[in-house]
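This report concerns only the one structure given below.
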Protein chains: 2
Amino acid sequence: MKIKMNPADKFRRPARVLKTVGHPDRLAIVEMLEHGEMSVNEIAEVLGTKQSITSQHLNMMRDKGVLYARREGIKVFYGIENKNVIRLLHCIHQSCDTSLQDQN
Amino acid sequence: MKIKMNPADKFRRPARVLKTVGHPDRLAIVEMLEHGEMSVNEIAEVLGTKQSITSQHLNMMRDKGVLYARREGIKVFYGIENKNVIRLLHCIHQSCDTSLQDQN
DNA sequence: AAGATATATAGTAATATTACTATATAGTGG
DNA sequence: CCACTATATAGTAATATTACTATATATCTT
């Protein structure tokens, strides 16, 4: 049994994470949650997006292992499960102000 | 004139870059190019993907400002235009071995 | 110009994302 | 149980991605 390994194979999961946070709203959510949990409505309000969309983003990121969810009574609080995404965020901020955005 | 700014606005471009490299083949390409330029065929061969697909990935990353292309005779060499993606890659590798892949 | 090599692109089908509305579900308090 | 608040989900339409085949374009060599 010889299993063919492509160079891309080891990037399957990192790529999935990058794709997961590769959305303006979702990146903003990660930043908001960096310093603590927030409820769905809080997040939606800050983002200025509809509740249902926010919920979808949050659920999606939880599915991918980026966030976790914790119910507290009537509310659900989300937090960062995969701490590496914070590292990612810092990496983005660190790259100057215009960082990953611009060239060089 | 008051322009409404959402928290997500400042993440438009970083998110686009993350999405751009959020594909196993494209991440692998970035890694391959970290230490120097390569031609399309070289890249395709190492990746084990078809030439046309590789070309599409390369073109796409060039469009998004991640890579640059340089023609040399009959060949086209690609290299990394946005050096911040290298930082990203290191960030991924640095996060343990199982890094961004796993939780925590 | 013809042939060979390297790269790009057109066309396409399957699938995924995105953003939306409306509705359903879960928990709390009366 | 009912009303209320908070969250999740179903259904949907527009658009984007992906991977593929076939073909076009560009460059060099003879």
Side-chain angles (χ1 to χ4, degrees), chain A residues 4 6-9 11-30 32-33 37-64 66-79 81, chain B residues 4 6-9 11-30 32-33 37-64 66-79 81:
Chain A
K4 175 153 55 162
N6 291 325
D9 284 338
F11 288 117
R12 287 256 154 76
R13 292 199 286 180
R16 189 165 21 191
V17 175
L18 292 180
K19 196 176 176 185
T20 299
V21 297
H23 184 291
D25 284 341
R26 295 198 291 266
L27 257 190
I29 289 172
V30 169
M32 292 169 56
L33 298 181
E37 300 174 341
M38 288 175 73
S39 74
V40 179
N41 269 349
E42 284 179 303
I43 296 170
E45 197 168 334
V46 175
L47 281 184
T49 65
K50 315 219 167 194
Q51 177 270 326
S52 66
I53 298 182
T54 304
S55 180
Q56 282 173 13
H57 283 316
L58 293 169
N59 269 285
M60 189 256 221
M61 286 195 279
R62 190 190 39 177
D63 279 352
K64 303 294 174 55
V66 172
L67 304 182
Y68 67 82
R70 181 178 63 80
R71 174 145 234 151
E72 193 172 309
I74 203 176
K75 294 185 175 180
V76 175
F77 290 90
Y78 280 84
E81 171 83 37
Chain B
K4 175 153 55 162
N6 291 324
D9 284 338
F11 287 117
R12 288 256 153 77
R13 292 199 287 179
R16 189 166 18 188
V17 175
L18 292 179
K19 195 176 178 186
T20 299
V21 296
H23 183 291
D25 284 340
R26 294 197 291 264
L27 258 191
I29 288 173
V30 169
M32 291 170 56
L33 298 182
E37 301 175 340
M38 286 175 74
S39 73
V40 180
N41 269 350
E42 283 179 304
I43 296 170
E45 197 169 334
V46 175
L47 282 183
T49 65
K50 314 219 170 196
Q51 176 269 327
S52 66
I53 298 182
T54 305
S55 180
Q56 281 172 14
H57 284 316
L58 292 169
N59 269 284
M60 189 256 223
M61 286 195 277
R62 191 190 40 176
D63 279 351
K64 303 293 174 56
V66 172
L67 303 182
Y68 67 81
R70 180 178 64 79
R71 174 146 234 150
E72 194 173 310
I74 202 174
K75 294 185 174 179
V76 175
F77 290 89
Y78 281 83
E81 171 83 37

Requested in this report: Between A/E72 and A/M60, just flag the one whose closest nucleotide in DNA chain C comes earlier from the 5' side.
Outcome: A/M60

Requested in this report: Find the distance B/E45:CD to C/dA6:P and express it as a whole number of Å.
Outcome: 10 Å

**Report entry** Listed nucleotide nearest any side-chain atom of B/H57, set D/dA19, C/dA16, C/dT7
**Finding:** D/dA19

**Report entry** Phosphate OP1/OP2 of D/dT7: any A/N41 side-chain N/O under 4.0 Å
**Finding:** yes

Query - Length of the NZ-C1' vector between B/K64 and D/dT17, whole Å - result: 10 Å

Query raised in the report: With distance as the sole criterion, do the side chain of A/Q51 and the base of D/dA6 form a donor-acceptor contact below 3.5 Å?
Result: no

Query raised in the report: Base, sugar-phosphate, or nothing: which does B/Y78 touch, judged by heavy atoms less than 4.0 Å apart?
Result: sugar-phosphate

Query raised in the report: Hey, is the side chain of B/K75 poking within less than 4.0 Å of OP1 or OP2 on D/dT27, counting only N and O atoms?
Result: no

Query raised in the report: Looking for any heavy atom pair under 4.0 Å, which part of the strands does A/R26 touch: base, sugar-phosphate only, or nothing?
Result: sugar-phosphate

Report task. Send over the distance from B/R71 CZ to C/dT7 C1', rounded to a whole Å. Result -> 6 Å

Query raised in the report: Quick one: does B/R12's side chain have a donor or acceptor within less than 3.5 Å of a partner on B/P14's backbone?
Result: no

Query raised in the report: Do A/E42 and A/S39 have side-chain atoms, one donor and one acceptor, less than 3.5 Å apart?
Result: yes

Query raised in the report: Between A/N59 and A/I74, which has a closest nucleotide on DNA chain D that is more 5'?
Result: A/I74

Query - Side chain of A/V40 (C-beta onward), nearest among D/dA8, C/dT7, C/dA16 - result: D/dA8

Query raised in the report: Under the 3.5 angstrom rule, does the side chain of A/R71 hit a backbone N or O of A/G73 as a donor-acceptor pair?
Result: yes

**Report entry** Whether A/D9 side chain and A/N6 backbone form a donor-acceptor pair below 3.5 Å
**Finding:** yes

Query raised in the report: Taking all atoms of both residues into account, what is the closest heavy-atom pair of A/A44 and A/Q51, and its distance?
Result: CB-CA, 4.2 Å

Report task. Measure the distance from NZ on B/K50 to P on C/dA8 and round it to the nearest whole Å. Result -> 18 Å

Report summary line: Taken to the nearest whole Å, CD1/B/I29 to P/C/dT7 is 13 Å

Requested in this report: Go through C/dA19, C/dT7, D/dA8 for me and flag the one nearest to the A/I53 side chain.
Outcome: C/dA19

Query - Length of the line joining B/L27:CG and D/dT18:C1', which is rounded to integer Å - result: 16 Å

Query raised in the report: Which nucleotide, D/dA19, C/dA22, D/dA16, lies nearest any side-chain atom of A/S52?
Result: C/dA22

Query raised in the report: D/dA19, D/dT7, C/dC20: which one has an atom nearest the side-chain heavy atoms of B/Q56?
Result: D/dA19

Query raised in the report: What is the distance from NZ of B/K19 to P of C/dA16, rounded to the nearest Å?
Result: 14 Å

Report summary line: Separation of D/dT17 atom P from B/R16 atom CZ, nearest Å, is 11 Å

